[in-house]
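Notes follow the structure.
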Amino acid sequence: MSEEKSLNFIEEIIEEDLKNGKYKSILTRFPPEPNGYLHIGHAKSICLNFGLGLKYGGKTNLRFDDTNPVTEETEYVDSIKEDIKWLGFNWAEELYTSDYFDKLYNYAVDLINKGLAYVDDSTAEEIAAMKGTPTEPGKDNQYRSRTIEENLTLFTDMKAGKYKDGEKVLRAKIDMQHTNMLMRDPIIYRIKHAHHHRSGSTWCIYPMYDFAHGQSDSIENITHSICTLEFIPHRELYDWLIEKLEIFPSHQYEFARLSMTYTVMSKRKLLQLVNDNHVTGWDDPRMPTLSAFRRKGYTPESIRTFCDKIGVAKRENFIDLSLLEFCLREDLNPKALRVMAVLDPVKLIIDNYEEDKVEEMESENGPDEALGKRSLPFSKELWIEREDFMEEPAKKWFRLAPGSMVRLKSAYIVKCESFIKDAEGNVTEIHCNYIPESRSNNDTSGISVKGTIHWVSAAHAVNAEVRLYDRLFTVENPLGEEGDFKDTINPNSLQIITNAVVEPSLKQATAASRYQFIRKGYFCLDKDSTAEKLVFNRTVTLKDAWAKGSEEKLKDKFMMLSALADSFFIRQFYVWKDRS
RNA sequence: UGGGUUAUGGUGUAAAGGUAGCACAACAGAUUUUGAUUCUGUUUGUCUAGGUUCGAAUCCUAGUAACCCAACCA
């Protein structure tokens, strides 16, 4: 009995098209411009387009929309392909709009011959001035009435390189008074004497997006051309060109792009973060790019699940980062290898443990028994997490404190007997006694303790650098703030710990593995890691009910109580005042 | 002062005139050798005002709000 998932509006359109025989099968496309790295917002589009192809037995092309040679580079082509493959999708064909430059040129000539396009000698400023505004209609200019022959000659000359950049453009002849600004004789070809990453110097005129995208869809017989909401006004032009050119009628459908809390999604802004060195590069794990998520340890599965859960609709949306993290943890929890690592080490000494004794403790590698077990060296001196000891324990404190007992994970129960502080008041040593009968899997002590903490044997510990990442911005919507979005950058988005200690088994850590540092979070090896120096990235923290309870909750409770108290006293004051 | 698009809990997303559901978040509890996981429960919603109807998130009318459109970018 499987619950049928409801269809999104695009799936409904496709099912209808398939049912009534409009198409026998569907063909979608993912059309990135190779001028930047793909981000999580693109993942939504990729999952949508490729997902549709898969779901309805159709296909999906990868088409690079490379009509602007000055911003596009092969570096980006390569990274885009890598990211799509990493996400787990395969394109039917790898195509480039630049493959169609000849066809596109002929379409333009066709339009001129039909009297539907003209060469305009105006400057960019003049064109803008004559275009009007959203509330005022535009005006025709003198070039609009050129003859077909004249236009043909001029356009041929444009192609031949007789003119400089910006000297002339080719425009579609539609309607300067149109309520849709895009229909006011849009520019369809411009002159750019620039090197193109694929066609080299073959061309010095390049089609605009509007004169390339729809036609490319049509050339490929794309049935459903899916793009984001801001292209809605373009659809009218898209349809007009297909109609006038009398070519295969692809159709455009628009969905709302992804916005997410605590990040920005525009390529321009991401580029700024890179150029201004707020991050170390496009794959800095704090970035929302796919290469950054990959480096940080995210799995493609988790991103696909996320894209599935956020849905596809036409209304603007603002997704909680916590949903992405939920999908990640859900994927990682069953498969991450459990290991012990101490990020902020403090020495724990077991006074009643034999000096040079080393015991091998068995510990599970994960919740799934198939992951097996490993053995961990245990000895008299251990490293434990500084935050797992409290000199004056808080209420409901389960961990170490003077006189209290905890279980050392997969080892013994210990009782804190004393501790030593340095001149600055920092705890330097915690002294305990262990309960010999309490050894894990063989506990006959009869003692039960609330808290279990992780540890690493000091003599066997391996040093590591650990990079803790937090959200890049301090506010949910950096663009919603007054001033520059960069003002809300989180100064603590990266914390580098150079003196972490990890269990010896991690010397064999692999880049492909995902680890859970018990009680700390999910981690993976960073590409900077070497045999001499291990470097781990925190992929995501574990949920932490204790931290939440002790900080925000207490603060909230305090605020609420003080507000209640305030209103109580104010009320009492008026009662008192009224009486007197 | 134009045109287009969208309005359902805090955030997303369903319900195609007939029980407002699901997920995340939040909160409470149970279990736990990870204060994780798991399990159970709770809170919170149809933009507004009218109308049609036995019955409206859904249909009608009038408003309101948000977003997009004035690059030789895509």
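Proteins get letters first, then strands, A, B, ... in listed order; numbering begins at 1 in each. Basis for what follows: all heavy atoms, side chains included, without hydrogens, waters or symmetry-related copies.
- In the model, A:Ser410 has a side-chain atom that pairs as donor or acceptor with a side-chain atom of A:Ser363 under 3.5 Å.
- Each of A:Glu362, A:Glu385, A:Glu503, A:Glu364 was checked for a salt bridge (Lys or Arg N to Asp or Glu O under 4.0 Å) with A:Lys409, and the lone residue meeting it is A:Glu364.
- Taking the six-membered ring where the residue is Trp, A:His234 and A:Tyr209 present perpendicular rings, their angle passing 60° and hence far from 30°.
- Remark: C1' of B:C73 and CG of A:Asn68 are 6 Å apart, rounded to the nearest angstrom.
- For the pair A:Arg519 and A:Asp544, the salt-bridge criterion is not met [side-chain N within less than 4.0 Å of a carboxylate O].
- The side chain of A:Asn317 lies closest to B:G12 when the candidates are B:A70, B:G12, B:A14.
- Among the heavy atoms of the strands lying under 4.0 Å from A:Ala124 is at least one base atom, whether or not backbone atoms are also near.
- In summary, the aromatic rings of A:His196 and A:Phe101 are positioned with their centroids under 6.0 Å apart.
- Of the listed nucleotides (B:C73, B:U8, B:C67), B:U8 has the atom at the smallest distance from the side chain of A:Arg315.
- Among the nucleotides B:A16, B:A23, B:G2, the one closest to any side-chain atom of A:Thr135 is B:G2.
- Nucleic acid contact class of A:Phe231 (heavy atoms, under 4.0 Å, all strands): base.
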Enumerate, atom names and distances included, each donor-acceptor pair closer than 3.5 Å involving a side-chain atom of residues 165-178 of chain A, sequence neighbours excluded.
{"unit_1": "A:Asp165", "atom_1": "OD1", "unit_2": "A:His193", "atom_2": "N", "d": "2.8"}
{"unit_1": "A:Glu167", "atom_1": "OE1", "unit_2": "A:Lys164", "atom_2": "N", "d": "2.7"}
{"unit_1": "A:Arg171", "atom_1": "NE", "unit_2": "A:Asp120", "atom_2": "OD2", "d": "3.2"}
{"unit_1": "A:Arg171", "atom_1": "NH1", "unit_2": "A:Asp185", "atom_2": "O", "d": "2.8"}
{"unit_1": "A:Arg171", "atom_1": "NH2", "unit_2": "A:Asp120", "atom_2": "OD2", "d": "3.1"}
{"unit_1": "A:Lys173", "atom_1": "NZ", "unit_2": "A:Arg144", "atom_2": "O", "d": "3.1"}
{"unit_1": "A:Asp175", "atom_1": "OD1", "unit_2": "A:Gln177", "atom_2": "N", "d": "2.8"}
{"unit_1": "A:His178", "atom_1": "ND1", "unit_2": "A:Asn180", "atom_2": "N", "d": "3.0"}
{"unit_1": "A:His178", "atom_1": "NE2", "unit_2": "A:Glu236", "atom_2": "OE2", "d": "3.4"}

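- Here B:A26 is the nucleotide among B:U5, B:A26, B:U8 with the atom lying nearest to any side-chain atom of A:Lys548.
- Between A:Asn365 and A:Arg374, the side chains place a donor N or O and an acceptor N or O closer than 3.5 Å (distance only, hydrogens not considered).
- Consecutive pairing runs in RNA chain B reach the stem threshold at B:2-7 with B:64-69, B:10-13 with B:21-24, B:26-30 with B:38-42, B:47-51 with B:59-63, where a stem means at least three Watson-Crick or G-U wobble pairs with distances under 3.5 Å.
- Backbone-only engagement by A:Lys314 is indicated by non-hydrogen atom pairs under 4.0 Å involving sugar-phosphate atoms exclusively.
- Within the nucleic acid shown, A:His454 has no heavy atom closer than 4.0 Å to any nucleic acid atom.
- In this structure, A:Ser322 does not reach the B:U11 phosphate: none of its side-chain N or O atoms is under 4.0 Å from OP1 or OP2.
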Practice task
Sugar-phosphate means primed atoms, P, OP1 and OP2; the rest is base. With that split, encode nucleotides 29-42 of chain B 5' to 3' as B, S or - using protein heavy atoms under 4.0 Å.
Solution key: ----BBBSS-----
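- If you take atom C1' in B:A23 and the same atom in B:U8, they sit 15 Å apart, rounded to whole Å.
- Side-chain contact of A:Tyr298 with A:Glu325: a donor-acceptor pair under 3.5 Å is absent, judged by distance alone.
- Closest to the side chain of A:Ile232, out of B:U5, B:C69, B:G10, is B:U5.
- Within 4.0 Å of A:Ser122, counting heavy atoms only, lies at least one base atom of the nucleic acid.
- The P atoms of B:C69 and B:G35 are separated by 50 Å, rounded to the nearest whole Å.
- For the 3.5 Å distance criterion, the side chains of A:Ser225 and A:Arg29 qualify, holding a donor opposite an acceptor.
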